[in-house]
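To start, the structure itself, in structure tokens.
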Amino acid sequence: MPADLVIVANRLPVDRVTQPDGTPGWRRSPGGLVSAIEPVMRANDGTWIGWPGGDGSGEDDLEPFEADGMQLVPIGLEQDEVELFYEGFSNATIWPIYHDLVAKPEFHRVWWDSYVKVNQKFAAKAASLASEGATVWVHDYQLQLVPQMLRDLRPDLRIGFYLHIPFPPAELFQQLPWRRQILEGLLGADLVGFQLPGGAANFVRLVRQRVGHKTHRDLVYLPDGRTVRAGAFPISIDAAGYEKLARTESVVERSAEIRKALGNPRKIFLGIDRLDYTKGIYARLRAFAELIEDGHFDVEDAVFVQVAVPSREQVEQYRILRDDIDRLVGRINGDLGRIGRPAISYLHTSYPREEMAALYSAADIMVVTPYRDGMNLVAKEYVATRTENDGALVLSEFAGAADELRQAWLVNPYDLNGMKSALLEAYRSDDKDLTRRMKAMRKTIQKHDVAAWADSFMTELAAVSHSSHAKTVRPAKRS
Ligand code: G6P
């Protein structure tokens, strides 16, 4: 059935998995994108187009299905598309360039060709499902060509694009051999949304310099008379939902159980990240270990729980990172741990929301130290679950979240001594200081939740859209 709202993202909110008995099943996908978009989908009976994961074999026969009240339309990727489009161009070319070149990007023409082909596939599917005058909201760096491809196919649509990761400064972006095509792809949208004003400004400047369109502040004027707006829409979480979850009896009990299992230390440090080289996991574990070596505290006093969610495991840089972290954790625990008391409790796995909430509740100091991060929703989730206004957040200046969570201990993740000082200050801080900081951060998160984010994007999209007969989309409901 044609849909009035179509979400197009590389991933569906659920992943196809094989269950222990060999039958196919579905599991919630990782990452903040999924939890952010769900509420908008529910409020609008939208349709969500995306890849259901997997290795690319035997996916052609996937049918649209309903999960959790959402209409999902899977797009299968062939094995070569997984390698060239997903692991290659998306995650070994664009991802490192858009994250400050934390890793060295690779440029391969066959990867680009596959990126074009897969974007075309997503655009064609969206065009076939959208009703007359519908709104199509395209997401993230894997699908930057879809807006223009879709406009060529369906000029009647209202098209929004949102980038969940940083948009880099011109000096880095222009390394891309296909820089112009990517800018032109994005310009197919009526509204191009970024996490921060800096990303939007980078984009407009590049469009002026590289494509030669006239621009004024956040507006781009195209030769065909269309106007495209670039704006900042910092993404958020379902704050009320997390708070509610943190108060449930089972989460409260599980949180106490976790503390006990860790030997009831005075302080628990916590890191939860996808295992990604942008996240700064290595440096933060070193900083923590040095604090023990320097004698500031002991393994009886403090433990660092690091959850590393498996991610993009076929990409070489991710394999190297995993080996590096494995070795570092082994060395730190070998040098500093005692029987039953490792310095670092390392878990290479993903957890459901309930277990995450219990971990957040159990932790005294949340450590979020990416070298570059679009937003970082883990930092916001931690704040949302601190219903007693306690707990400390140590946060990288280079995470988008640092713009809003000013009362965190802000750190430069490249500065190991600075990071050690911040961890130690957070460890030693008194209740009064913690409460003052956490209260202010909680207020921010409660006000700027995910419903407010989606609402502001949709309102702006409706205002800027060229299409006078495009339909209006309802804002997401708060839980
Ligand atoms: C980030 C990206 C998302 C992506 C998620 C998980 O949050 O912005 O687009 O879905 O990571 O990564 P994956 O490669 O597993 O989809």
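For ligands, and for the atoms within them, numbers begin at 1 and follow the listed sequence.
Under the 3.5 Å distance criterion, with hydrogens and angles disregarded, a donor-acceptor pair is assigned to the side chains of Asp273 and Gln306. In this structure, a donor-acceptor pair under 3.5 Å is absent between the side chains of Tyr282 and Asp324.
In this structure, Asn10 has no heavy atom closer than 4.0 Å to ligand 1. Residue contact annotation: His139 has no non-hydrogen atom under 4.0 Å from ligand 1.
Each of the atoms 8 (O) of ligand 1 lies under 4.0 Å from some heavy atom of Ile165. Every atom of ligand 1 with a heavy atom of His164 under 4.0 Å away is listed here by number and element: 8 (O). Close contacts of ligand 1 with Arg11, meaning ligand atoms under 4.0 Å from a residue heavy atom, involve 13 (P), 15 (O), 16 (O). Below 4.0 Å from some heavy atom of Tyr86 lie the following atoms of ligand 1, by number and element: 13 (P), 14 (O), 15 (O).
Asp140 has no carboxylate O lying under 4.0 Å from a charged side-chain N of Arg11, or vice versa, which leaves the two without a salt bridge. Comment: Arg158 does not engage Asp4 in a salt bridge, judged by the lack of any side-chain N to carboxylate O separation of less than 4.0 angstrom.
Here's the thing with Ser311: none of its N/O atoms is less than 3.5 angstrom from an N/O atom of ligand 1. Here's the thing with Gln142: one of its N/O atoms is less than 3.5 angstrom from an N/O atom of ligand 1.
Under a cut-off of 6.0 angstrom, the local environment of NZ in Lys125 is sparse, with at most 12 non-hydrogen atoms contributed by other residues, nucleotides or ligands.
Residue pairs that meet the salt bridge (Lys or Arg N to Asp or Glu O under 4.0 Å) test with at least one member in residues 358-379, sequence neighbours left out, are Asp100-Arg372, Arg259-Asp364, Lys279-Asp373.
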